[in-house]
Amino acid sequence: MPYKYDDQNIFAKILRGEIPNDTVVETEHTLAFNDIGPKAPVHVLVVPKGSYVNHDHFHSRATDAEILDFVRVTARIIADKGLAPGAGGSGYRVIGNAGPHGLQEVPHYHLHILGGRPLGAMVPDA
Ligand code: 5GP
């Protein structure tokens, strides 16, 4: 099934500046901002500026520059928030939800960076 991008989704509106956000990092290709309903002391959403629906869409269609920028921004936030275990941090979780089984709520690709407390089991038992 072809990817269909809905340009009325909430992150598209944030990227167009129609809705405010609490920006953490902004680069040419990527915007990262605090989640409106944080599930942990650190809960940052990393969003590519291009019109991509989910992880597989982004990584099959985005340019190398977009992908590199997105990955670097994610790593920079992990470092800046003091979460990286290699630098004395207590760790973190990066989550990307997609489709009905992934329970993706906003249909514009994003990763969640969560940290600042023990995060519990990765996936609840069925
Ligand atoms: P998903 O289930 O799509 O992976 O997660 C969507 C996330 O977007 C949720 O954690 C939700 O709290 C967050 N969110 C939804 N609307 C807004 C908004 O208007 N602003 C911000 N900053 N986050 C939002």
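Each ligand, and each atom within it, is numbered from 1 in the order the structure gives.
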Q: Would you indicate which of Leu114, Asn21, Asn34, Ile14 comes nearest to atom 22 (N) of ligand 1 when only heavy atoms are counted?
A: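 Result: the heavy atom closest to atom 22 (N) of ligand 1 is in Asn34.
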Q: Run down the list Asn9, Asp35, Val47 and name the one with the heavy atom closest to atom 10 (O) of ligand 1.
A: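 Of the listed residues, Asp35 has the closest heavy atom.
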Q.
Out of the candidates Val94, Asp35, Leu83, Ile95, only one should pair with Leu114 under the side chain to side chain contact (heavy atoms under 4.5 Å, CB included) rule; please name it.
A.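 Only one of Val94, Asp35, Leu83, Ile95 forms a side chain to side chain contact (heavy atoms under 4.5 Å, CB included) with Leu114, namely Ile95.
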Under-4.0 Å heavy-atom contact with ligand 1, by part of [X] that carries it:
X	answer
Val106	both
Lys39	neither
Tyr109	neither
Ile36	both

I need the atoms of ligand 1 closer than 4.0 Å to a non-hydrogen atom of [X], numbered in the order shown.
X	result
Leu103	2 (O)
Phe33	21 (C), 22 (N)
Asn97	1 (P), 2 (O), 4 (O)

Q: Please verify whether a non-hydrogen atom of His112 lies at under 4.0 Å from ligand 1.
A: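 The answer is yes, since His112 has a heavy atom less than 4.0 Å from ligand 1.
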Q) Closest approach of Arg93 and Leu119, non-hydrogen atoms and distance? A)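 Looks like NH1-O, 3.4 Å.
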Q. What heavy-atom pair brings Val47 and Phe33 nearest, and what distance separates the two atoms?
A.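 It is CG2-CE2, 3.7 Å.
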Q) If you group Ile, Leu, Val, Met, Phe, Trp and Tyr by side-chain heavy-atom gaps below 4.5 Å, do Leu111 and Ile113 land in one group? A)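 Same hydrophobic cluster.
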Q: Take His108 and Tyr52 through the ring pair (Phe, Tyr, Trp, His ring centres under 6.0 Å) test and state the conclusion after the steps.
A: CA-CA 6 Å; His108 181 114; Tyr52 303 105; 7.7 Å; no
Q: Assess whether side chain to side chain contact (heavy atoms under 4.5 Å, CB included) is satisfied between Glu28 and Asp69, documenting all intermediate values.
A: CA-CA 8 Å; Glu28 182 183 358; Asp69 186 68; 5.6 Å; no
Q) Is there a side-chain hydrogen bond (donor to acceptor under 3.5 Å, both in side chains) between Asp56 and Tyr3 once you walk through the steps? A) CA-CA 10 Å; Asp56 49 284; Tyr3 295 102; 2.3 Å; yes
Q: Kindly determine whether Val73 and Glu26 satisfy side chain to side chain contact (heavy atoms under 4.5 Å, CB included), including the steps that lead there.
A: CA-CA 8 Å; Val73 166; Glu26 181 166 15; over 6 Å; no
In terms of residue, atom name and distance, what is the protein heavy atom nearest to [atom]?
atom	result
atom 8 (O) of ligand 1	Phe11 CZ, 3.4 Å
atom 19 (O) of ligand 1	Ile10 CG1, 3.5 Å
atom 1 (P) of ligand 1	His110 NE2, 3.2 Å
atom 15 (C) of ligand 1	Glu105 OE2, 4.0 Å

Q) Testing His55, Gln104, His57 for side-chain hydrogen bond (donor to acceptor under 3.5 Å, both in side chains) with Tyr109, which one passes? A)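 Testing each of His55, Gln104, His57 against Tyr109, the sole residue satisfying side-chain hydrogen bond (donor to acceptor under 3.5 Å, both in side chains) is His55.
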